[in-house]
There are 2 protein chains.
Amino acid sequence: MALSQTSVVDTALELLRESGLAGMSMRTLATRIGVQPSALYWHVPSKQALLTAVAERVLAAMRPVEADDSAAAELRAIGEALRAAVTGVPDGAEIVALGLAAGAVNPVADAVEATCARYDKVDRAPGLTTALTGYVIGLGLEEQTHHNLRTADPEMAAVDFGPRFGAGLEALLAGV
Amino acid sequence: MALSQTSVVDTALELLRESGLAGMSMRTLATRIGVQPSALYWHVPSKQALLTAVAERVLAAMRPVEADDSAAAELRAIGEALRAAVTGVPDGAEIVALGLAAGAVNPVADAVEATCARYDKVDRAPGLTTALTGYVIGLGLEEQTHHNLRTADPEMAAVDFGPRFGAGLEALLAGV
DNA sequence: ACCTGAACACCGTTCAAGT
DNA sequence: ACCTGAACACCGTTCAAGT
C-alpha cells in the first residue's frame with residue numbers, strides 16, 4: 001500500500017494522541033511510517049498544512065447537537081460538544097485555533113445558526129458563534145498548556161478545569 | 001552594567017515586538033544582548049520561565065477600567081482592555097495563555113470582582129472572569145495565528161477581527 | 001511518481017572551564 | 001558570581017539523485 005496524504009494525517013493524529021504536539025515532529029512521524037522525513041513532503045506541503053488537516057479531523061469529531069427545550073440548553077450542549085472534541089486530543093486547542101485561522105469550517109457556526117433559527121434569533125447567531133468558539137478555544141488552551149507544564153514539572157499543583165468551564169459557560173449564556 | 005533577570009526580560013519583550021515569537025529564540029536574544037546563549041541560563045531557568053515573565057509584563061500593561069453607569073458597560077471595557085493588552089504585542093495571546101497556565105495573576109479577576117461588587121452580583125464574578133478571559137484569549141489566538149499565516153503567505157485573504165470581537169463580546173454580555 | 005541521502009540553517013539546554 | 005566554548009540532541013525543509 002502506497003503512502004498517501006490521508007495515511008500521513010492518520011499517523012499524525014495517532015502520534016498526537018500518544019505524545020502531543022511535542023512528540024509529533026516530521027522526523028518522528030517519518031520514523032513511525034518507516035520512511036525518510038523528506039518523503040513526507042511529497043504528500044504534504046508543510047507541517048502547518050498537515051496540522052490544519054489534523055484540525056479538520058478534530059473538528060469533524062464534534063458530535064451533533066439535537067433540539068432541546070430551550071435555546072440556552074442547546075447552546076450549552078454545543079459548547080460542551082466543541083470542548084469535548086478539542087480537549088479530546090492533546091494540544092487540541094492550539095491545533096484547532098490554527099485550523100480555524102487557516103480557514104477550516106467551524107461546525108459551531110451551523111449548529112448555532114440552527115438553534116437560533118428554531119428560536120427566532122437568527123441575527124444573534126454570528127456573535128454567539130464567535131463568543132462560544134473563542135471561549136472554548138481560549139479556556140481549552142489554558143487548560144492544555146497547564147497540563148503540559150504539569151507533566152514537565154510534577155511539583156506543580158493540579159487544577160480541575162471542568163467546573164471552571166461550566167461556570168464560564170453559564171455566565172456566557174446568562175449574560176449580565 | 002551587569003546583566004540581570006529584568007534586563008533579559010526587557011530585551012525579550014523588545015525582540016517580541018519586532019519579530020514575534022518566531023524571532024525570539026534564546027540565540028537571537030543572546031546575540032541582541034551581546035552574550036553567549038548559555039549566559040542567559042544564569043539569569044533565567046528556562047525559555048518557558050522567561051516567557052512567563054514576559055506574560056506578566058503584558059498583563060500588567062492592561063489599563064485599569066473605571067466605574068461606568070452599567071455593569072455591562074464596565075465588563076465590556078474590561079474585555080476591551082484585556083484585548084488591547086494581549087493583541088498589543090505579537091503572539092500575545094499564546095504568551096498570556098502560557099502565563100495564566102503557569103499561575104500568573106489575572107488582572108481581569110480583580111476588575112470583574114470590583115464591578116460585580118458595585119452592582120450586587122459578587123457570586124457571578126468567577127464565571128464572568130472565566131468567560132471573559134477565555135473569550136479574549138481564544139479569539140486573540142485565532143486572530144494572531146491568522147496574522148502569522150498571512151505574513152507567511154500573502155495570497156491569503158485578510159480578515160478584520162475587530163467587528164467580530166465586538167459582536168462576540170456583546171453576545172457574551174447579553175446572554176440568551 | 002515516489003522515495004533516499006545528504007545537507008542547510010536552525011533550535012533549547014548543559015557543563016566544564018575560564019575570569 | 002558570571003560568562004565563554006563546545007558540545008548534545010534535536011528541529012523543518014530542500015534538492016539532487018536514485019528507482
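In what follows, chains carry the letters A, B, and so on, assigned in the order in which the sequence lines appear, proteins first and then strands, with residues in each chain numbered from 1.
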Lys/Arg-Asp/Glu bridge criterion (N-O < 4.0 Å) met for [X], [Y]:
X: B:E142; Y: B:R164; result: yes
X: B:R32; Y: B:E14; result: yes
X: A:E143; Y: A:R83; result: yes

Starting at [atom1] of [X] and ending at [atom2] of [N], how long is that distance when rounded to a whole Å?
X: A:W42; N: D:dC15; atom1: CH2; atom2: P; answer: 14 Å
X: B:R27; N: C:dT13; atom1: CZ; atom2: P; answer: 11 Å
X: B:M24; N: C:dC10; atom1: CE; atom2: C1'; answer: 16 Å
X: A:K47; N: C:dC10; atom1: NZ; atom2: P; answer: 18 Å
X: A:L29; N: D:dT13; atom1: CG; atom2: P; answer: 12 Å
X: B:Q5; N: D:dC3; atom1: CD; atom2: P; answer: 13 Å
X: B:L3; N: C:dT19; atom1: CG; atom2: P; answer: 20 Å
X: A:M26; N: C:dA7; atom1: CE; atom2: P; answer: 21 Å

Dot-bracket notation for DNA chain C, counting Watson-Crick and G-U pairs under 3.5 Å, with | for partners on another strand: ||.|||||...|||||.||

Counting distance only, does the side-chain N/O of [X] pair as donor-acceptor with the main-chain N or O of [Y] below 3.5 Å?
X: B:Y119; Y: B:S70; answer: yes
X: A:Q144; Y: A:G92; answer: yes
X: B:E74; Y: B:D68; answer: yes

5'-most by nearest nucleotide on DNA chain C - B:P45 or A:H43: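 Nearer the 5' end of the strand: A:H43.
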
Check each residue of residues 34-41 of chain A for a non-hydrogen atom within less than 4.0 Å of any atom in DNA chain D, then write out the ones that pass by number, or none.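 A:S38, A:Y41 - these, ordered by number, are the residues of the stretch whose heavy atoms sit under 4.0 Å from the strand.
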
Positions of residues 8-20 of chain A (non-hydrogen atom under 4.0 Å from DNA chain D), listed by number: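 Within this stretch, nothing sits under 4.0 Å of the strand.
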
Between D:dA9 and C:dA9, how far apart are the P atoms? Round to whole Å, please.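 23 Å, rounded to whole Å.
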
Between A:L16, A:L59, A:L15, which is the residue that forms a side-chain contact (heavy atoms from CB on, under 4.5 Å) with A:V54?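 Exactly one candidate clears the test, A:L16.
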
Is it true that the side chains of A:T31 and A:T28 contain a donor and an acceptor less than 3.5 Å apart?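 A:T28 and A:T31 do not have a side-chain donor-acceptor pair below 3.5 Å.
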
Any side-chain donor paired with an acceptor under 3.5 Å for B:N106 and B:T133?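 There is such a pair (donor and acceptor under 3.5 Å, judged by atom type) between the side chains of B:N106 and B:T133.
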
For this output row, return yes or no: ring centroids of B:H147 and B:F161 closer than 6.0 angstrom.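 Not close enough - the centres of the two rings lie 6.0 Å or further apart.
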
Give the minimum heavy-atom separation between B:A174 and A:R124, together with the two atoms involved.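 Where B:A174 meets A:R124 most closely, the heavy atoms are CB-NH2, 3.7 Å.
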
